[in-house]
Visitor: 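Pasting in a structure now, in structure tokens, and then I'll have a few things to ask.
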Amino acid sequence: MPIHKTVNPVAFQNTYYIENDSHLIIVDPGSDWTKIQATIEKIGKPISAILLTHTHYDHIMSLEILRESYHFPPVYVAESEATWLYTPEKNLSGLPRHDDMDNLVCRPAEVFFQYEQAYTFDDFHFQVLPTPGHSIGGVSIVFPAFEAVITGDALFRETIGRTDLPTGDFEQLITGIKTKLFTLPNHYTVHPGHGQNSTIAHEKNTNPFFR
């Protein structure tokens, strides 16, 4: 039951595909729809849900075409960022520095995350942890069966997410990582929103923001 990854050209953002024996979950469908669709077709399983670690544009660029192409699986998002899906200024696609791209407007999500609740459906088991600070609704998603956590733009290999964007908060991000992520088992794999994988132990021991 592997976790697959494709890297999207816009911001080198990572899209994840969590596969079990019968179904698939997609996390953060980014800019390369052709590659995302090819990966889904190769896996060949129905999509149970689309989970969003946060709603900056680079993490949701293929959200609408993914919904339309695969029978509208439910989209899960933090309630504090729910309006960002259809507000270009908040998902950052509408800022002047992105005049080279279309404003990104998505349909509303179907489900708001309930933090620390045990989600169980289609033989998937996961928990959602609040890890804001890069953005107000940033979350990390823990899959115990895979001994893994998808951290969005909170925790990267040997660094952390930027906190200079709207609703960013450095102290909030550091506190969330320490109290929500660093309490996970040391061997858990960290799957970040950008860059290479790591482990909880590696970040505790080598990340310069925590040494």
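Small disclaimer: the values here were computed from a predicted structure and weren't measured.
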Visitor: Does Glu19 pair with Lys42 as a salt bridge, N-O distance under 4.0 Å?
Guide: no
Visitor: Count the heavy atoms of every other residue, nucleotide or ligand shown that sit under 6.0 Å from NE2 of His187, and state whether that count exceeds 12.
Guide: yes
Visitor: Can you measure from NE2 (His191) to OG1 (Thr151) and round to the nearest 0.5 angstrom?
Guide: 9.0 Å
Visitor: Taking all heavy atoms of Gln196 and all of Arg157, pick out the closest pair and write down the distance.
Guide: O-CB, 3.7 Å
Visitor: Which atoms form the tightest heavy-atom contact between Asn8 and Asp32, and what is the distance?
Guide: OD1-N, 2.9 Å
Visitor: Please evaluate residues Tyr188 and Phe182 with respect to the criterion ring-ring contact (aromatic ring centres under 6.0 Å, His included), reporting the C-alpha separation (whole Å), side-chain torsions for both, the decisive distance (0.1 Å), and the verdict.
Guide: CA-CA 10 Å; Tyr188 269 35; Phe182 284 178; over 10 Å; no
Visitor: Applying side chain to side chain contact (heavy atoms under 4.5 Å, CB included) to Thr163 and Asp169, what does each step give before you reach the verdict?
Guide: CA-CA 5 Å; Thr163 57; Asp169 187 308; 6.0 Å; no
Visitor: Do Ile160 and Leu173 make a side-chain contact, defined as non-hydrogen atoms from C-beta onward lying under 4.5 Å apart?
Guide: yes
Visitor: Check for me, please, whether Val75 and Ile47 land in the same ILVMFWY cluster - side-chain distances under 4.5 Å, paths through other members count.
Guide: yes
Visitor: Over all heavy atoms of both residues, which pair between Gly94 and Asn103 is shortest? Give the atoms and the distance, please.
Guide: CA-OD1, 3.4 Å
Visitor: Distance from Asn91 atom CG to His54 atom NE2, nearest 0.5 Å?
Guide: 10.5 Å
Visitor: Does atom CD of Glu79 have more than 12 heavy-atom neighbours, drawn from other residues, nucleotides or ligands, at distances under 6.0 Å?
Guide: no
Visitor: Find the distance between CD1 (Ile150) and CG (Leu129) and round it off to the nearest 0.5 Å.
Guide: 12.0 Å
Visitor: Students often mix this up, so state it plainly: with edges at 30° and 60°, are the rings of Phe121 and Tyr76 parallel, tilted or perpendicular?
Guide: parallel
Visitor: Does the side chain to side chain contact (heavy atoms under 4.5 Å, CB included) test come out yes or no for Leu52 and Asp28, once each step is laid out?
Guide: CA-CA 5 Å; Leu52 304 178; Asp28 292 355; 4.1 Å; yes
Visitor: Is there a path of hydrophobic side-chain contacts, each under 4.5 Å between heavy atoms of I, L, V, M, F, W or Y residues, that connects Phe126 with Ile18?
Guide: yes
Visitor: Could you state whether Ile50 and Tyr57 fall into the same hydrophobic cluster, counting links through intermediate Ile, Leu, Val, Met, Phe, Trp or Tyr residues with side-chain heavy atoms under 4.5 angstrom apart?
Guide: yes
Visitor: Going from CG on Leu63 to CD on Glu68, what distance comes out if it is rounded to the nearest 0.5 angstrom?
Guide: 9.5 Å
Visitor: Does the side chain to side chain donor-acceptor pair (under 3.5 Å) test come out yes or no for Asn197 and Thr189, once each step is laid out?
Guide: CA-CA 7 Å; Asn197 292 353; Thr189 303; over 6 Å; no
Visitor: Give the C-alpha distance, both sets of side-chain angles, the deciding distance and a yes or no for side chain to side chain contact (heavy atoms under 4.5 Å, CB included) between Ser93 and Met101.
Guide: CA-CA 7 Å; Ser93 66; Met101 65 181 294; 3.9 Å; yes
Visitor: Of all the heavy-atom pairs spanning Tyr86 and Cys106, show the shortest one and how long it is.
Guide: CB-O, 3.2 Å
Visitor: Could you check if a side-chain atom of Thr131 sits within less than 4.5 angstrom of a side-chain atom of Leu155, using non-hydrogen atoms only?
Guide: no
Visitor: Which distance, rounded to the nearest 0.5 Å, do you find between the CD1 of Ile136 and the CH2 of Trp84?
Guide: 7.5 Å
Visitor: Let's go through Leu165 and His56 carefully: what are the C-alpha distance in whole Å and the side-chain angles of both, what is the deciding distance for side chain to side chain contact (heavy atoms under 4.5 Å, CB included) to 0.1 Å, and is it a yes or a no?
Guide: CA-CA 10 Å; Leu165 297 171; His56 285 157; 3.8 Å; yes
Visitor: Going through the checks in order, is the side chain to side chain donor-acceptor pair (under 3.5 Å) test met by Thr39 and Thr6?
Guide: CA-CA 8 Å; Thr39 303; Thr6 57; 4.9 Å; no
Visitor: Quick check: is Phe12 connected to Leu104 through a chain of hydrophobic side chains (ILVMFWY, heavy atoms under 4.5 Å apart)?
Guide: no
Visitor: Can the ring centres of Phe143 and Tyr119 be said to be less than 6.0 Å apart?
Guide: no
Visitor: On a heavy-atom basis, which atom in Val7 and which in Asn14 lie closest, and how many Å separate them?
Guide: CG2-OD1, 3.5 Å
Visitor: Please round to the nearest 0.5 Å and tell me the distance separating atom CZ of Phe210 and atom CD1 of Ile177.
Guide: 4.0 Å
Visitor: Verify the distance criterion only: is there a donor paired with an acceptor across the side chains of Ser135 and Glu81 at less than 3.5 Å?
Guide: yes
Visitor: Measure across Ala78 and Phe113 and return the closest heavy-atom pair with its distance rounded to 0.1 Å.
Guide: N-CD1, 3.5 Å
